[in-house]
Amino acid sequence: MATAKKVCIVGSGNWGSAIAKLVGLNAERNSKFDSTVRMWVFEEMVDGRKLTEIINTEHENVKYLPGRRLPENVVAVADLVEAVCGADILLFVMPHQFLSRVCDIIRGKIKPDALGMSLIKGVDEGPDGLRLISEVIRDKLGISVSVLMGANIANEVADGNFCETTIGSKDKVHGALLKELMQTDHFRVTVVEEADVVEICGALKNIVAVSTGFCDGLGFADNTKAAVIRLGLMEMIAFARIFCSAGPISLETFLESCGIADLITTCYGGRNRRVAEAFVRTGRSLEELEKEMLSGQKLQGPATAAQVHVILNNKNLLDKFPLFSAVYEICYEGRPVTEFISLLQNHPVHL
């Protein structure tokens, strides 16, 4: 009989804690997984008590996921190396700016055949522009890495509202195992092999969300916003064809939760949209608004637009991506936001 696989969740914020609720329940009832799920928690004090102590006694992350009970088999661990030691499956779910340091700390201290999965929506900065988070983990730790992306608002997932998500895994066996770990009656998982496309969707949709925030800030009607979302999706597909150069990509992946569903959710309710709208209405800087509105969370859209700009500029393709280019120019080069729609007038709308 195969040994039950040990799971560690590397991160414990809002999304990490919501995932801990799903994974804890599945690990408890599926013999393929060890019933104890460790969750690495960056230790901090909450009302004079350690956050790990609160989670392990009251089974609630009172700071990042208040009001939602975690399964008792989810154990908060403050020591990162202790948390990952012996784990067969590592779920990375944290702000991407901390990932590199975390990987450096655990390098050589994890099982060499461990399976990783990134739930981090964002990208890193590489020498040629955008670099996928899964690539950072793979290069630093030398392990196989899949990804999970979708229209998944953490509080709604934790509350048991029905939603879908997409796992991108180039290894079918790994994908099937991760689906067993993640799927519940209200959290439906689809597995696709185009892992790079799944992940790139999770990054590029934040640029499109910034553009819809511009629309809202300028008071444009729903027709205009819908047109901008569609043009943004076209640019996402076209960029993926350039970036994911290993072979042809299928449009079907963009119809999964990681694509159109996540794009729509982000363009109507995400933090990139909200801050971009405030940027237009107040005239204040994105940096100021990020600090004021996001409670420590990061604004991914503008930074991703800057990384995409490097790649497109190097390939002389900026004119083929007017929406991505407009977001970059407005955020970083002082282009008046009132010119946004005019920059899209001659959009090459055909793929």
Side-chain angles (χ1 to χ4, degrees), residues 4-95 98-99 102 106 110 114-121 148-165 167 177-189 295-297:
K5 297 189 178 298
K6 296 181 179 179
V7 180
C8 175
I9 301 168
V10 187
S12 57
N14 183 239
W15 185 215
S17 297
I19 287 299
K21 184 174 180 181
L22 299 180
V23 171
L25 292 172
N26 279 345
E28 201 167 31
R29 60 195 180 196
N30 189 328
S31 61
K32 286 187 180 180
F33 306 105
D34 190 289
S35 60
T36 298
V37 174
R38 281 175 287 181
M39 179 172 70
W40 173 59
V41 175
F42 181 79
E43 192 69 279
E44 50 190 314
M45 303 300 290
V46 178
D47 296 330
R49 297 174 63 193
K50 292 180 178 179
L51 183 56
T52 51
E53 176 193 337
I54 296 172
I55 293 173
N56 289 333
T57 56
E58 299 176 16
H59 308 292
E60 179 185 350
N61 189 332
V62 294
K63 181 165 185 179
Y64 296 107
L65 194 68
R68 285 87 173 178
R69 184 173 177 83
L70 299 177
E72 294 186 11
N73 60 317
V74 173
V75 178
V77 180
D79 186 281
L80 175 58
V81 173
E82 178 187 343
V84 302
C85 182
D88 300 287
I89 300 174
L90 299 166
L91 306 179
F92 294 89
V93 48
M94 69 184 79
F98 302 131
L99 177 69
V102 163
I106 66 176
I110 61 173
L115 171 60
M117 184 162 72
S118 171
L119 291 81
I120 302 170
K121 290 180 180 177
L148 182 148
M149 303 284 154
N152 307 141
I153 296 173
N155 289 356
E156 294 184 12
V157 171
D159 288 341
N161 295 338
F162 176 78
C163 68
E164 298 177 311
T165 199
I167 288 177
L177 179 67
L178 290 167
K179 178 174 180 175
E180 273 195 79
L181 179 64
M182 305 303 302
Q183 180 159 274
T184 69
D185 290 341
H186 66 269
F187 192 69
R188 185 164 68 189
V189 178
S295 304
Q297 290 183 306

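For clarity, every value in this text was computed on a predicted model and none was experimentally measured. Residue numbers count from 1 along this sequence.
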Of all heavy-atom pairs between [X] and [Y], which one has the smallest distance, and what is that distance?
X    : Y    : answer
A151 : C163 : O-CB, 4.1 Å
L90  : A114 : CD1-CB, 4.4 Å
L65  : A158 : CD2-CB, 3.9 Å
N73  : A27  : ND2-CB, 4.3 Å
A4   : S31  : CB-O, 3.7 Å

From [X] [atom1] over to [Y] [atom2], what is the distance, rounded to the nearest 0.5 angstrom?
X    : Y    : atom1 : atom2 : value
M39  : C8   : CE    : SG    : 9.5 Å
I167 : L119 : CD1   : CG    : 8.0 Å
L91  : L148 : CG    : CG    : 9.0 Å
I120 : L99  : CD1   : CG    : 4.5 Å

Can you list every salt bridge (Lys or Arg N to Asp or Glu O under 4.0 Å) pair that touches [range], not counting sequence neighbours?
range          : result
residues 5-29  : none
residues 64-83 : R68-D159, R69-E72
residues 42-60 : E44-K63, R49-E53, R49-E58

* Please list, chain by chain and in numerical order, all residues satisfying side-chain contact (heavy atoms from CB on, under 4.5 Å) with V102, sequence neighbours excluded. => V10, W40, L80, M94
* Name all residues meeting the side-chain contact (heavy atoms from CB on, under 4.5 Å) criterion together with A76; count only those two or more places apart in sequence or in a different chain, and write none if there are none. => V41, T52, I55, N56
* Report yes if some heavy atom in the side chain of F33 is under 4.5 Å from a heavy atom in the side chain of N26; otherwise report no. => no
* **Residue pair I89 / L177, side-chain heavy-atom distance below 4.5 Å** => yes
* Asked: For residues 10-19, which residue pairs qualify under side-chain hydrogen bond (donor to acceptor under 3.5 Å, both in side chains), counting only residues two or more places apart or in two chains?
  -> N14-N155, S17-N61
Please identify each residue that fulfils side-chain hydrogen bond (donor to acceptor under 3.5 Å, both in side chains) with [X], with sequence neighbours left out.
X    : value
T165 : N152
Q183 : none
D34  : none
S35  : none

* **F162 CZ: over 12 foreign heavy atoms closer than 6.0 Å** => yes
